[in-house]
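The structure appears right after this line, and notes come after that.
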Amino acid sequence: VKIVFVGHVDHGKSTLIGRILEATTSLPEGKIEALRASCKAQGQQFEYAFVLDALAEEQQQNITIDTTQIHFRTAARSYVIIDAPGHEEFLKNMITGAASAEAAIIVIAADEGAREQSRRHGQLLSLLGIRQVLVVVNKMDLVNFSEGAFRKIEEEYRGFLDSIGLAARAFVPVSARDGVNIAEGTNSVMPWSNGPSLLAAIDALEPTGSVAEQPLRFPIQDVYRMDGRRILAGRIESGTLRIGEQLLFSPHHKTARVATIERWPDSAVETAVAGESIGITLREQIFIERGHVASHEADAPIESNRIYARVFWIGAEPLRPGSAYRLKLVTQDVECQVVAVGKVIDAATLDSAATGRDEIRINEVGEVTLQTRAPVVLDNHDRVPALGRFILSDAERLLGGGIVSGAHYPAASSVKSDNIFWSESEITAERRAARNQHRGAVIWLTGLSGAGKSTIARALEKELFRLSMHTYVLDGDNLRHGLNANLGFAPEDRAENIRRVAEVAKLMADAGTVVITSFISPYRNDRARARAIALQAGAEFLEIFVDAPLAVCEERDPKGLYQKARAGKLKGFTGIDAPYEHPEDPEIVVRTHEQTAAQCVDQILGTLLLRLRLTNRR
Amino acid sequence: LNPRHSNLDALENHSVFLLREAHHAFRNMAMPWSMGKDSNVLLWLSLKAFFGKVPYPLLHIDTTYEFPEMIEFREWATKHYGIRVVVKVNTEARARGIGYETHDPVTVTHELKTVALKQALAEHKWDALITGIRRDEDATRAKERYFSPRDADSEWHYKHQPPQFWGQFAIRNAPGEHVRVQPLLDWTEVDIWRYIEREKIPIPQLYFARNGKRYRSLGCQPITHPIESNAATIAEIIAELEATRSSERAGRAQDHYEPHAMQKLRARGFM
């Protein structure tokens, strides 16, 4: 079991770990003697903390610089201790250590109580997804082993942990200096304590629950060509994979069946489970590369180019709207841009209102909206943790980590027959884009009837055509003449209408066209599904809200439909007796009652042209 | 953790994951190979990661003070696994008369290992080296990262190590710099032996007791001392290790020549 020790500086973590190692006879023979000799030579008093602080510099400065991993074993099982430093400037090291832990021990000094770092660390543990926490109240000798002092800290810190969604398994009073209440039977001075000793409390921690029962997520690390076969290599992050079963590969939504599970030197396995680094071969030859994620179609991850997340920031330069970063999520690596910064939380006080600024500074936590250059395969962190976390970096260093939440799982329409497979073209979207000198895309205009969608669609089409781009407008009325002639305006018909439009737009975008769709598309869910469908083709998707007040639209009434609806001659008309759900987070908003059509088109092009440029794939 | 997995499975799977990430990230990588037990585990894991075909060359830094058994093993393994091996000797230092006969072990180790490695790096322009170091070997190694940058002088800036978590890292090498990839960090000495036993990995015979002595750790012949032991099989070695509390590198003279010798060696590019 991997345990991380965190806590405010000088609250006695290292001494505590030294004591644990001694109590479990986990130190190599001669280590303590060597340290005692070394201390004597340097004229220093020996401390148990030196066991960890073996680097010369640390002994001089008396602070732990980096995470150290130390093994120890109790009668019950073996442990790895990750010692994370308490100094604020070393927070990146604390995160490095804590991110791989299964449980955490938070050390609080009895004489000082919870301090800034005690809270900051607690919050980061919560964010990193560590759910098993022990709180050690150390230095009880400094408060005369008083129950009152212990209970006060326990009550206060328990309340804090509650507020960040953590529950401590136990609060354990100890004195690391005097070796009190570390092992069983070493607590004669605190008869009031009815809880376990520290080692007993550690043995009561449970290993992290199995991830084999979660949905299958198999991110591809690489494709190796061996003796004419293509082996997809990767580590199963969650779930179980079996020979013969059908896998869905995201993004791009292609399916193929598992032919073999490869291991060296022998491959005699039928299944592979979470945690295993394996290779597979497929029965159907489809194009797969690093970054693709295999899953089961019934329980697929999300594909999105909008990501909502909580980010902890360790970059020197603050994270700001407009900043661009590399985003890495399992083996995916894409460019992204910060669209918006929401609540920024002061980690020490957990006060979110106080900051009131839209940048996240070093060692802070905040909410962000990110736009990625290409669709990312992800899950909400509470559903599949491994696919719900990512890092942000620049070319040189890791700048922060993020936890995904609030992503929608659209009800994907699955292929009805088991005998239908995706047929692969050798002409990939990349090759088409290279010839066309631009990528395919779906520009989704949404808004009330009369808001100006068709006008803008036609003006945009004309402008793109003038720029020698392949472009086409899918118009609501036009499609209802043919493809969608059998559909009415009931909610389920509207949903099917949008699904078909999205599928057609996806194919056209895959073929390299910049498709402009002009539909009222009043329901958020339908638009989310349209986005998901488009992203399967690896195309850009931009939702553009063509906004104008209802009164303005009604006054324009170019087709006389509002008049009919008001007169009761037209049922289920959006804005009159059917709802329009405003976009929550569209890429672009144009306001046709304030801007001319030309201004709207200019505004759209400003964002669109950048996104249509060829990507430089590695 | 999956109940189906033993601790060894978890370690193996993670090491294989790291080797594949490294192979993707670095275009021109090599793996130093001492033919010692950890080195051979690393080779075995490379065979696992790439399905029997190691895609990078192995590097043997030949100090010219090698045990003859090790050189024999090198020749056998090169053929057996079909691997590409680069052998590097610091001929310039040997020509200057650097040797255990006349110099202290820290100087000799630095010249014949560390400097030789730097020379090989300069000749082959490798951007990454896969090393077999483990956290439990020495306190300074406990601070290491899976992906650890080294500057143009191969120096390790342990105070300014980059953050790494969730299997992710971000490093850009400037020309002349390289990254140490360290897939065995989480393994212990006993893990290594258990894994060798389970996988039946070939290793040099020097590790097994002859006439009441065996080598626990192998380096240059003049400064590597055997321990008292009757452990002639892997099972006996494991039993012996579980009973002992003395440190693995106690028989390696260069570590103990002066206080913090290991840290000084490592900061200057030693593995």
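In this text the structure is predicted, and so the values were computed from the model without any measurement. The analysis underlying the following values was restricted to heavy atoms, covering all of them including side chains, and did not include hydrogens, waters or symmetry mates.
- The shortest side-chain heavy-atom distance between B/Lys53 and A/Trp264 does not fall under the 4.5 Å cut-off.
- Atom CD of B/Glu242 has more than 12 neighbouring heavy atoms from other residues, nucleotides or ligands inside a 6.0 Å radius.
- A/Arg235 contributes atom CZ, which lies 7.5 Å from atom CG of B/Leu18 (distance to the nearest 0.5 angstrom).
- B/Phe50 CZ to A/Ile231 CD1: the interatomic distance, rounded to the nearest 0.5 Å, is 12.0 Å.
- With a 4.5 angstrom heavy-atom cutoff, B/Thr188 touches chain A only via side-chain atoms.
- At least one side-chain heavy atom of B/His24 sits under 4.5 Å from a side-chain heavy atom of A/Asp222.
- B/Phe51 places none of its side-chain heavy atoms less than 4.5 Å from the side chain of A/Arg229.
- Contacts of A/Leu329 with chain B are made by backbone atoms alone, with heavy-atom separations under 4.5 Å and no side-chain atom involved.
- Shortest non-hydrogen contact noted between A/Arg263 and B/Asn13 is NH2-OD1, 3.5 Å.
- Between A/Tyr224 and B/His23, the angle of the ring planes lies from 30° to 60°, which puts this pair in the tilted group.
- Contact between A/Arg397 and B/Ala170 at its shortest, heavy atoms only, is C-CB, 3.6 Å.
- In this structure, A/Gly402 and B/Trp166 approach most closely via the heavy-atom pair O-CZ3, 3.7 Å.
- Note: B/Gln168 leads B/Gln168, B/Gln164, B/Glu12 in heavy-atom pairs under 4.5 Å with chain A.
- In terms of heavy-atom proximity, A/Ser277 sits nearest to B/Val16 at CB-CG1, 3.6 Å.
- Here the side chains of B/Phe169 and A/Ile391 are not in contact, with every heavy-atom distance at 4.5 Å or above.
- Taking the side chain as every heavy atom from C-beta outward, B/Asp186 and A/Lys2 approach each other to under 4.5 Å.
- With chain A as partner, the option from B/Ala49, B/Pro55, B/Pro163 having the largest number of non-hydrogen pairs under 4.5 angstrom is B/Pro163.
- If you measure heavy-atom distances from A/Ile314 to chain B, the contacts under 4.5 Å come from the side chain alone.
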